[in-house]
Amino acid sequence: MSIRVAESAGFCFGVNRAVELVEQAAQSGKKVCTLGPIIHNRHAVAHFQEMGVEVIDTPAQAQPGQTVIIRSHGVTRATQEALEARGVEVIDATCPFVKRIHSIVSKAEQEGRLPVIIGTRAHPEVEGIAGWCRECKIFENAEELAAWAKSGEISPDFPISMVCQTTSTESLWISCENFAKKVFTNLKIFDTICKATEFRQSEAASLSKVCQAMVVVGDTHSSNTGRLAMICREHCDRVALVDNASELDPELFRGVADVGITAGASTPAWIIKEVNKTMSEITKVETVQEDFEALLEQSIKTLNTGDKVTGIVTGIGTTEVQIDLGTKHAGYIPYDEVSADPTVKPEDVLKVGDEIEVFVVRVNDQEGVCQLSRKKLEGMKVWDDMATWCEEKTTIEGTITEENKGGLVATVKGIRVFIPASQSGIAKGGDMASLVGKTTELRITEVNRARRRVIGSIRAVNAEARKAAQEKIWSEIEVGAKYHGTVKSLTSYGAFVDIGGVDGMVHVSELSWNRIKTPAEVVSVGDEIDVYVISLDAEKRKISLGYKTAEMNPWNKFMTAYSVGDVVDAKIVKLMTFGAFAEIIPGVDGLIHISQIANKRIGKPEDVLAEGQEVQVKITEVDAENKRISLSIRALLEPEEEVAEEAEAVAEETEAVAEETEAVAEEA
């Protein structure tokens, strides 16, 4: 007789982690207790009790100063919070695979989805999962799921997220999955069967097909162990489920040539060895450890270079990261393949228990090792992202790295993206180089993975943003509204100003209080100015803007700053037969009557003055109503009494030429 021991027999990663956490805590001298049995095995629990580790049933039993370890099956959110409220140190030994399910159902609830759990209702793992959401549904098989769907309690289009107990059988999960896909239209499926469990069950099935008898070792109350026994019974008539070696019945193996041994995830290695030794004594033959590669060809995943696979981080060494792929191969990631960023340390981005996707670089079947890369997969994912962004017209960020003859080059997650000049968002002849070194929003318009070519557009993003801004402005704009805009272009009759996606026109007459011939005398393209809405035509999409304001009115400035009697510097701007006009401030002129130009009679103003000449004058009169100012040079040359008499003498003459002055001013 030959005895074949399954390679997967015994502690899985999650259970082994929990056991190690308890042992470490106990050896540190802490007062340790576990909330419920740490694993489903009475022998392991008894072993820990000998080490001084107690078992409590509820958080209320925890005492301040104790270290409480949460079992590998996990607990509800309420239980965990109750423990933390007791003032004890909490060590969470929940299996990382189970912890992931907690996150899935919690997130599903936040998204308004109903969590559906496939598993045994009374199992601690399932109870714990259900405790991470306020409402969920639990079904033990596809028949229960079907009955619920047909009851009318749930609509076929109701959003559902479906998970399964980590130790569920693959056949049970597939039957539930297939039914759910046919009935529910808004369904998210998460295959949460533990890969180690899946492999263990697959190996048990393969082993039971070639052995005449099977021994399943484990706690009889363990769901995991019970499922192994059930799987074995599907292919083998003689199956013994034993807690330890003392329960082996020699009669079961009479006349049997091959016996297989497997064990549940919570079965300590020493119990498996004891069963193996006892079987050897019963049969008087040596135990044979077999290579199950041929037997498990269908159940063990075949690895090939170039595959994308999922694994669990089991260790972080000094030069590599160890990965459990759920296969016969020992997976590892060299440090330089962890990330494309050379400054990243593996321990900063990975931790033991993390489930990660990796790229298979090299497979060595003889040595049973597999070199993996996380960096290469990240690069591949970026190309997948590029294709998705292109298809979904997603706006992303890129850094402009260079300008070339045809346009710009941006870097997006390490990928070179070419942006044609026509898509740069810069007007023809504009300065594209000004964008180099800047981060900007763009859209992917073409992806050619084979040629490793990606084309992007900044213009498309700008156009969409401009359209949105236009709609916003037209929904809010009204006469009198003020905007801070940018001068976009100039014409002979005015300036066009962008007020945030919409262009309005400032007529030349609205640019300045002074007489100007062209808008360029006041503003330039690119200037940022404050404008206000004078009128608008929503149907024709036309807006008239004003730039000059009352505060900018030179007459108001003059009235605020000057008064009769002030002596000011002025510039002669026009000579007339009756006098000279002098500019006090831009836009405000005063008249120096010919009699006020000198302290003697002169024939004509140009005998004394010239256009452009700077002179000092005195303000002798201000007509605010008609906006007229009288000035005098003579007043600064003679006593004020004589000037006053002379002023009265010419008052009537000044009035007489007033109309002529207005006509000349308008003509000018």
Side-chain angles (χ1 to χ4, degrees), residues 6-9 12 14 40 73 95 97-98 100-101 104 115-123 125-126 129 137-150 160-184 187-211 214-218 220-241 260-267 292 294-302 309-310 325-327:
E7 294 178 355
S8 60
C12 65
H40 263 165
H73 292 310
C95 172
F97 291 115
V98 178
R100 174 173 173 258
I101 307 177
I104 291 172
V116 170
I117 306 168
I118 305 300
T120 305
R121 288 185 184 83
H123 194 282
E125 178 187 320
V126 175
I129 294 170
K137 290 291 181 181
I138 304 172
F139 303 104
E140 297 195 354
N141 50 55
E143 290 73 22
E144 287 187 6
L145 179 62
W148 175 63
K150 293 175 183 177
I160 290 174
S161 291
M162 193 165 80
V163 299
C164 64
Q165 184 179 338
T166 57
T167 54
S168 176
T169 62
E170 186 176 7
S171 59
L172 172 61
W173 170 244
I174 290 175
S175 64
C176 293
E177 182 182 16
N178 290 339
F179 174 80
K181 286 179 178 178
K182 294 177 183 177
V183 175
F184 301 111
L187 176 69
K188 284 187 179 181
I189 295 176
F190 300 89
D191 184 357
T192 51
I193 294 179
C194 174
K195 297 302 177 184
T197 299
E198 186 178 330
F199 175 56
R200 187 192 312 277
Q201 293 175 354
S202 177
E203 188 178 21
S206 299
L207 194 57
S208 61
K209 289 177 183 178
V210 297
C211 292
M214 287 292 299
V215 177
V216 180
V217 187
T220 55
H221 299 292
S222 167
S223 173
N224 178 283
T225 306
R227 282 199 173 90
L228 284 178
M230 180 183 70
I231 291 170
C232 291
R233 290 188 180 107
E234 292 176 359
H235 309 288
C236 182
D237 295 332
R238 300 187 187 187
V239 178
L241 173 56
I261 298 176
T262 186
S266 300
T267 306
F292 289 99
L295 294 173
L296 305 179
E297 186 174 352
Q298 299 302 319
S299 59
I300 299 180
K301 182 177 180 181
T302 301
V309 295
T310 300
L325 298 173
T327 70

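- Counting only heavy atoms from C-beta outward, the side chains of Thr225 and Leu241 approach each other to under 4.5 Å.
- Salt bridge Arg121/Glu144: present, at least one basic N to carboxylate O contact under 4.0 Å.
- For residues 224-239, the set of pairs meeting the salt bridge (charged side-chain N to carboxylate O under 4.0 Å, His left out) definition, not counting sequence neighbours, is empty.
- Partners of Lys188 under the salt bridge (Lys or Arg N to Asp or Glu O under 4.0 Å) rule, at least two apart in sequence or in another chain, are Glu111.
- The closest side-chain heavy-atom distance from Asp191 to Trp173 is below 4.5 Å.
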**Message:** Run the side-chain contact (heavy atoms from CB on, under 4.5 Å) test on Phe139 and Ile117 for me, step by step, so that the C-alpha distance in whole Å, both residues' side-chain angles and the decisive distance to 0.1 Å come before the verdict.
**Reply:** CA-CA 6 Å; Phe139 303 104; Ile117 306 168; over 6 Å; no
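- A donor-acceptor pair under 3.5 Å is absent between the side-chain atoms of Gln165 and the main chain of Glu140, judged by distance alone.
- Ring planes of His73 and His123: perpendicular class, angle over 60° (limits at 30 and 60°).
- Leu187 is listed as a side-chain neighbour of Ile189, based on a closest heavy-atom distance under 4.5 Å.
- Annotation: side chain of Val239 is in contact with side chain of Val216 (closest heavy-atom distance under 4.5 Å).
- In terms of the salt bridge (Lys or Arg N to Asp or Glu O under 4.0 Å) criterion, residue partners of Lys181 (sequence neighbours excluded) are, by chain and number, Glu177.
- Under the 4.5 Å side-chain criterion, counting only non-hydrogen atoms from C-beta, Arg200 is in contact with Leu228.
- Closest of all the heavy-atom pairs between Ile193 and Cys164 is CG1-SG, 3.2 Å.
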**Prompt:** Checking side chain to side chain donor-acceptor pair (under 3.5 Å) for the pair Glu125/Thr166: CA distance, chi angles, key distance, verdict?
**Reply:** CA-CA 8 Å; Glu125 178 187 320; Thr166 57; 2.7 Å; yes
